[in-house]
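Step one of this worksheet: look at the structure below.
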Amino acid sequence: MQGVEKWIPTELKTRYINSLLKVGFDVLDFGSFVSPKAIPQLKDTADVLKGIELSGSDTKLLAIIANERGAEDASAFEEITYLGFPFSISETFQQRNTNSSIEQSLRRVESINNIAQKWNKQILIYISMAFGNPYGDPWSPDLASHWIDRLNESFGIQNFALADTVGMSNVQNIESLFKMVIADFSMLSIGAHLHSTPEMAVDKLKAAFDAGCRNFDVALYGFGGCPMAEDVLVGNVSTQSLIEAFVDEPGSFHLDFYRLQESERIASLVFG
């Protein structure tokens, strides 16, 4: 919702999230504890949380945070399991997204990790710009691997997602990068947070799957995109593309498709 300019009423956000909690997803990225100046649309995350109904749902809640204050604010809520922090391997994007350098963000992760341990929360690190960047900053698959290794070795981070924030990935670099990091870090959870044009989404998902990835971030109808990255938003891979990609894979889904249809109907109200 962060890229939507028109205000989405708190009650509608809550209704939408409650519908998604009934579908059967493992984890739901439901909101952000970041500066309301940076992301005005999500300034009511704490209010949304008050109306969320977790009873009867096994889905865990994840909140995006950008600094220590956000980590403290999110950790105060027992309902939240995961703190998601975007760690860019592009210096330019790290400045644009969290107003800090990569080295400053490394120290920030240390502080956030201490907060998470105090409150018994888990951290998920998004390796942003994992497949390249549009700014001309240095990039290579080894660079992504290096930062996973350093964050794990330094702070014991177990959960990562390779993030293609501006849709620069392709079948070849998705497959090669996932094969590398899954082989090198078999003890870690490494998922895919891909942005894509609709026509390429299924191929990208299959490439990650063939390389060993089993955790995928998706959004209904692909609504999304990062307003901090570029002026033109490249949407998230859609839930529909995920179903299309893996409908023939045995045991791929444990979703309630009737509930999913209800969430899709509410999504049309949320996003217009």
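Note that this is a predicted model, so its numbers are computed, not measured. Residues: numbered from 1 along the sequence shown. Just so you know, these numbers use all the heavy atoms, side chains as well, and skip hydrogens, waters and symmetry mates.
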Query raised in the report: side-chain contact (heavy atoms from CB on, under 4.5 Å) between Q158 and N152: does it pass, once the steps are laid out?
Result: CA-CA 7 Å; Q158 298 287 310; N152 172 251; 3.6 Å; yes
Query - I243 vs F257, side-chain contact (heavy atoms from CB on, under 4.5 Å): CA-CA, chis, key distance, verdict - result: CA-CA 10 Å; I243 293 170; F257 287 99; 3.5 Å; yes
Requested in this report: Determine, step by step, whether R150 and E103 satisfy the salt bridge (charged side-chain N to carboxylate O under 4.0 Å, His left out) criterion, reporting the C-alpha distance in whole Å, the side-chain angles of both residues, the deciding distance to 0.1 Å, and the verdict.
Outcome: CA-CA 12 Å; R150 187 166 175 184; E103 283 299 324; 3.6 Å; yes
Query - side-chain contact (heavy atoms from CB on, under 4.5 Å) between V181 and L162, worked out - result: CA-CA 10 Å; V181 298; L162 299 179; 4.0 Å; yes
Query raised in the report: Taking it one step at a time, do Q104 and T98 satisfy side-chain contact (heavy atoms from CB on, under 4.5 Å)?
Result: CA-CA 10 Å; Q104 287 172 325; T98 62; over 6 Å; no
Query raised in the report: Checking salt bridge (charged side-chain N to carboxylate O under 4.0 Å, His left out) for the pair K50/D47: CA distance, chi angles, key distance, verdict?
Result: CA-CA 5 Å; K50 294 176 184 177; D47 293 327; 3.5 Å; yes
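Atom CG of N99 has 12 or fewer neighbouring heavy atoms from other residues, nucleotides or ligands inside a 6.0 Å radius. Remark: D26 CG is loosely packed, at most 12 non-hydrogen atoms of other residues, nucleotides or ligands lying under 6.0 Å away. Atom OH of Y258 has 12 or fewer neighbouring heavy atoms from other residues, nucleotides or ligands inside a 6.0 Å radius.
A donor and an acceptor atom, one from each side chain of N215 and S189, are located under 3.5 Å apart. No side-chain donor from either of S19 and E262 sits under 3.5 Å from a side-chain acceptor of the other. A donor-acceptor pair shorter than 3.5 Å can be found between the side chains of Q240 and E264. S169 and K204 are linked by a side-chain donor-acceptor pair at a separation below 3.5 angstrom, with hydrogens and angles left out of the test. In the model, S105 has a side-chain atom that pairs as donor or acceptor with a side-chain atom of S100 under 3.5 Å.
Between D164 and I174 there is no side-chain heavy-atom pair separated by less than 4.5 Å. Taking the side chain as every heavy atom from C-beta outward, I52 and E79 never approach each other to under 4.5 Å. You'll find the side chain of Y16 stays beyond 4.5 Å of the side chain of L269, heavy atoms only. Between I148 and L188 the shortest side-chain heavy-atom distance falls below 4.5 Å. With a 4.5 Å cut-off on side-chain heavy atoms, L61 and L21 count as touching. Counting only heavy atoms from C-beta outward, the side chains of E110 and N113 never approach each other to under 4.5 Å. When side chains are defined from C-beta on, I17 counts as touching V48, because their heavy atoms get closer than 4.5 Å. Taking 4.5 Å as the limit, every side-chain heavy atom of T81 sits out of range of all side-chain heavy atoms of L62.
Transitive grouping of hydrophobic side chains (ILVMFWY, heavy atoms separated by less than 4.5 Å) keeps M200 and L242 in distinct clusters. In the hydrophobic clustering of ILVMFWY residues, with side-chain heavy atoms under 4.5 Å counting as a link, M1 and I64 come out apart. Hydrophobic clustering, with ILVMFWY side chains joined whenever heavy atoms are under 4.5 angstrom apart, groups V270 together with L42. Tracing side-chain contacts under 4.5 Å through hydrophobic residues (I, L, V, M, F, W, Y), one never reaches Y126 starting from L143; they form parts of separate clusters. By the criterion of side-chain heavy atoms lying less than 4.5 angstrom apart, applied directly or through intervening Ile, Leu, Val, Met, Phe, Trp or Tyr residues, M180 is not grouped with I125; the two fall into different hydrophobic clusters.
Using modelled atom types, one side-chain atom of R108 and one backbone atom of A66 make a donor-acceptor pair closer than 3.5 Å. In this structure a side-chain-to-backbone donor-acceptor pair under 3.5 Å is present from S176 to N173. Between the side chain of Q41 and the main chain of V4, a donor-acceptor pair closer than 3.5 Å is present. Judged purely by atom type and a 3.5 angstrom limit, S75 uses its side chain to pair as donor or acceptor with the backbone of A71. Formation of a donor-acceptor pair under 3.5 Å by the T59 side chain with backbone atoms of F25 is found in this model.
A salt bridge links D44 with K13: at least one charged nitrogen is closer than 4.0 Å to a carboxylate oxygen. Between E249 and R214 there is no salt bridge, since no side-chain N of the basic residue sits under 4.0 Å from a carboxylate O of the acidic one. Using a cutoff of 4.0 Å between basic side-chain nitrogens and carboxylate oxygens, E175 and K179 are scored as salt-bridged.
For the atom pair N133 CG and T92 OG1, the distance stands at 7.0 Å (nearest 0.5 Å). The structure places OG of S241 at 12.0 Å from OH of Y221, a figure rounded to the nearest 0.5 Å. Annotation: the span from C213 atom SG to K206 atom NZ amounts to 15.5 Å, rounded to 0.5 Å. How far CZ of R265 is from CG of L260: 13.0 Å, rounded to the nearest 0.5 Å.
Considering all non-hydrogen atoms of both residues, E68 and I115 come closest at O-CD1, 3.7 Å.
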Please tabulate, for side-chain N and O atoms in residues 82-90, each donor-acceptor pair with protein atoms closer than 3.5 Å (sequence neighbours left out).
{"residue": "S88", "atom": "OG", "partner": "S90", "partner atom": "N", "Å": "2.9"}
{"residue": "S88", "atom": "OG", "partner": "S90", "partner atom": "O", "Å": "2.9"}
{"residue": "S90", "atom": "OG", "partner": "F93", "partner atom": "N", "Å": "3.2"}
{"residue": "S90", "atom": "OG", "partner": "D137", "partner atom": "OD2", "Å": "2.7"}

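Listed by first and then second residue, the ring-ring contact (aromatic ring centres under 6.0 Å, His included) pairs that reach into residues 29-61 are F33-F77, sequence neighbours excluded.
Relative ring orientation between F209 and F216 is described as parallel, the plane-to-plane angle staying below 30° on a 0-90° scale split at 30° and 60°.
With H193 as the partner, the side-chain hydrogen bond (donor to acceptor under 3.5 Å, both in side chains) test is satisfied by one option alone out of T165, D217, D29: D217.
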